[in-house]
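Shown next, in structure tokens, is the structure this report addresses.
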Amino acid sequence: MSDSGKSRVRFAPSPTGFLHVGSARTFIFNWLFARHTGGTMVLRLDDTDVERNTDASVESIFEGLKWLGLDWQEEYKQSERLALHREMAQRIFEKGMAYRDFTPAGKDEGERDRSAGPWLFEATMRGLSREESDRRAAAGEPFALRFRVPREGGEEIKFSDAVYGEQSKATADIEDFALLRSDGMPTYHMASCADDVDMRISHIIRGQDHLPNTFKHVLIFRALDASRLGYEIRFAHLPLLVAPDGAKLSKRKHGPVVSVTTYRDAGFLRQAFINFLCLLGWSPKDDREVMSLDELTQAFTLENINRANAVINFKEAAASPEETFDPKAVWLNSQYIHAMPVEELAERLLGTVRAGGYDVSLEKMKQIAPLIRERMRLLADVLTVADFFFRKELAPYDAALLVPQKGDAAMANKVLEKAREVLARTEFAHDPLDQALRAAAQELGVKAGQMFTPIRVAVTGRTASPGLFETLAVLGREVTLERIERGLGKLS
């Protein structure tokens, strides 16, 4: 913890595209840790890579975060803090812990010839006297500022990771990495560490792919006297999210399926999506799967994060949008939909239905929602499981579907004619419809199922639908009779 006793964590995305599901999970884990410990959540855009960062990417990241609905207390842009980064780099230089590297541009970021093994440092540059270095700099010769990694004494850099345990690497295996590029821009290492110290970050929770960088960051923290903060900055690296074939999830390779907004647009509820991401690489250790945000917050600890990479079982060539996503994600979403209060579900579905081109009132949606709730797994399912409630005309269906089991077209015709007669005078509410149609079946001498099937198909265009009487009550007398008439026309 920080010297105030409260954690301070940060989510530091680089705006080079949409909000990746892995980045979203990192944000969520930071958020949960901050909430669990009564701490502060900091959002910091690492936007110093001017060649790759775009305004559209920034907007996309905020769009994804806005959908997640999780807040943060402080917000920064690294690009507005360059003076601080350079000042801190200069401070390291003045201590003799960095040196100017005048190697011509193009090789100033460690892009050296590694054919003879890993490049560690340029002896000539590292050995330049301060006087010579100052003279060349004063003459306007461009240079990168490079960290002077200790080379003598067999020193090892050590830190404890909350997920992966004790980590150690010999300084003899760490290159003299750049702090400032030859154009004066800070590198990722310099900017990130300078901000972490200045913002008094207590815990750095980020992806496992950053684990190798941490040895360099420990060196920078030491050079910046981070210990004066009154606490030790702690690390927790998260297992990677991987595709079914074990490959790291990639925006370039896997496309929209790794974008947060793809889940939003497909009809996932934010609570279900957050729940799903939390179970990728973390567990409450008590077999719970469906967990509210409060339950996740109470249960979340760094110690319960797994070391093994977590697989997202999506299908790249799926037969339907639903099949694209991990079955666990879809199942969790269904659990949230089934448990959602009808009024709230109706409001959520209304936007989807209207976007699908149907003019439906909220009142009608409140009637429909309880009938279809158990049949839905994604919000977008409303357009397939309930389209017959919204359409003026049913989608084409095969007349053979009107024929009941162990019946024929003549029976179907007789049933629909009787239904037309009975429904013209019956009150359109569940119980009266139930009683009237069962009595009609007895009068015709057919089973209840044989009576209901032709009516169900005629009014919905399918053999499986919500309860028949509830469906008729929502559709109303006029629509019901009109569709029965069309069903009779198919049989003639």
Side-chain angles (χ1 to χ4, degrees), residues 12 14 16 44-53 78-130 132-151 155 157 159 169-198 204 206 209-226 233:
S14 179
T16 57
R44 187 179 80 214
L45 284 179
D46 282 5
D47 60 345
T48 56
D49 188 345
V50 292
E51 291 183 3
R52 297 180 63 212
N53 298 338
Q78 276 197 335
S79 58
E80 296 173 353
R81 300 168 58 81
L82 299 179
L84 173 75
H85 305 154
R86 292 181 182 121
E87 185 273 323
M88 287 193 170
Q90 184 64 23
R91 197 188 308 170
I92 294 173
F93 174 71
E94 294 298 339
K95 289 182 177 181
M97 301 177 79
Y99 60 92
R100 298 186 183 106
D101 183 348
F102 295 94
T103 304
K107 291 190 176 182
D108 61 353
E109 310 307 326
E111 298 172 7
R112 311 289 178 141
D113 179 9
R114 296 173 183 263
S115 59
W119 179 89
L120 293 174
F121 64 96
E122 193 78 63
T124 305
M125 293 296 151
R126 183 178 168 110
L128 272 185
S129 68
R130 177 62 186 267
E132 176 67 8
S133 177
D134 287 350
R135 184 191 64 76
R136 293 176 67 169
E141 193 173 339
F143 61 86
L145 194 65
R146 203 170 282 283
F147 194 92
R148 191 186 296 274
V149 177
R151 299 285 165 209
E155 183 181 351
I157 303 300
F159 66 92
K169 187 173 186 177
T171 55
D173 295 327
I174 303 173
E175 79 273 13
D176 286 0
F177 53 93
L179 300 176
L180 299 178
R181 298 183 178 91
S182 56
D183 60 3
M185 287 292 289
T187 61
Y188 159 74
H189 303 301
M190 185 67 241
S192 180
C193 291
D195 283 337
D196 287 338
V197 171
D198 185 66
I204 296 174
R206 59 189 176 190
D209 49 337
H210 283 290
L211 192 59
N213 290 332
T214 306
F215 298 102
K216 297 174 184 177
H217 298 179
V218 169
L219 286 168
I220 295 176
F221 289 146
R222 284 186 193 173
L224 292 174
D225 292 327
I233 297 176

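Just so we're clear, the structure is a prediction, and the values are computed from it rather than from any experiment. By convention here, the first residue in the shown sequence is residue 1.
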Backbone N/O of A223 and side chain of K95: donor-acceptor pair under 3.5 Å: yes

Taking every heavy atom of C193 against every heavy atom of I220, the minimum-distance pair comes out as CB-CG2, 3.5 Å

I'd like to check D47 versus S14 (side-chain heavy atoms, cut-off strictly below 4.5 Å). Are they in contact? no

Contact between Q78 and H85 at the side-chain level, heavy atoms closer than 4.5 Å - yes or no? yes

Does the side chain of S192 pick up a donor-acceptor pair with the side chain of R206 at under 3.5 Å? no

Measure the shortest side-chain to side-chain distance between F215 and T171 over non-hydrogen atoms and say whether it is less than 4.5 angstrom. no

Evaluate the criterion side-chain contact (heavy atoms from CB on, under 4.5 Å) for residue pair L128 and Y99; output intermediate values, then yes/no. CA-CA 8 Å; L128 272 185; Y99 60 92; over 6 Å; no

Pair L179, M88 - check side-chain contact (heavy atoms from CB on, under 4.5 Å), show working. CA-CA 10 Å; L179 300 176; M88 287 193 170; over 6 Å; no

Ring geometry between F177 and F147 (parallel below 30°, tilted from 30 to 60°, perpendicular above 60°): parallel

Where A226 and I233 come nearest, the two heavy atoms and their spacing: CB-CD1, 4.4 Å

Please determine whether a side-chain nitrogen of the Lys or Arg among E87 and R91 lies less than 4.0 Å from a carboxylate oxygen of the Asp or Glu. yes

Listed by chain and number, what are the side-chain contact (heavy atoms from CB on, under 4.5 Å) partners of Q90, not counting sequence neighbours? F93, E94

Could you give the distance from CZ (R146) to CE (M125), rounded to the nearest 0.5 Å? 10.0 Å

Is there side-chain contact between I157 and R222, with heavy atoms separated by less than 4.5 Å? yes

If I take atom CD1 from residue I204 and atom CZ from residue F159, how far apart are they, to the nearest 0.5 angstrom? 10.0 Å

Specify the closest pair of heavy atoms between V149 and E175, including all atoms of both residues, with the distance to one decimal. CG2-O, 3.3 Å

Any heavy-atom pair between the side chains of T103 and E122 that's under 4.5 Å? yes

Dump the intermediate steps for side-chain contact (heavy atoms from CB on, under 4.5 Å) on F102 and E132, then the final yes or no. CA-CA 11 Å; F102 295 94; E132 176 67 8; over 6 Å; no

Are any non-hydrogen side-chain atoms of D134 and R100 less than 4.5 angstrom apart? yes

Contact between R44 and D196 at the side-chain level, heavy atoms closer than 4.5 Å - yes or no? yes

For residues L224 and M97, determine if any side-chain heavy atom of one lies less than 4.5 Å from a side-chain heavy atom of the other. no

Nearest heavy-atom neighbours spanning L120 and A172: CD1-O, 3.3 Å

Interatomic distance, CG@L82 vs CZ@R86, rounded to 0.5 Å, equals 5.0 Å

Between S182 and F143 (side chain of the first, backbone of the second, donor and acceptor by atom type, cut-off under 3.5 Å), is there such a pair? no

Test: D101 and R148 ion pair at under 4.0 Å: no

What's the shortest heavy-atom distance between W119 and D176, and which atoms? CZ3-O, 3.9 Å

Specify the closest pair of heavy atoms between A89 and L145, including all atoms of both residues, with the distance to one decimal. O-CD2, 3.6 Å

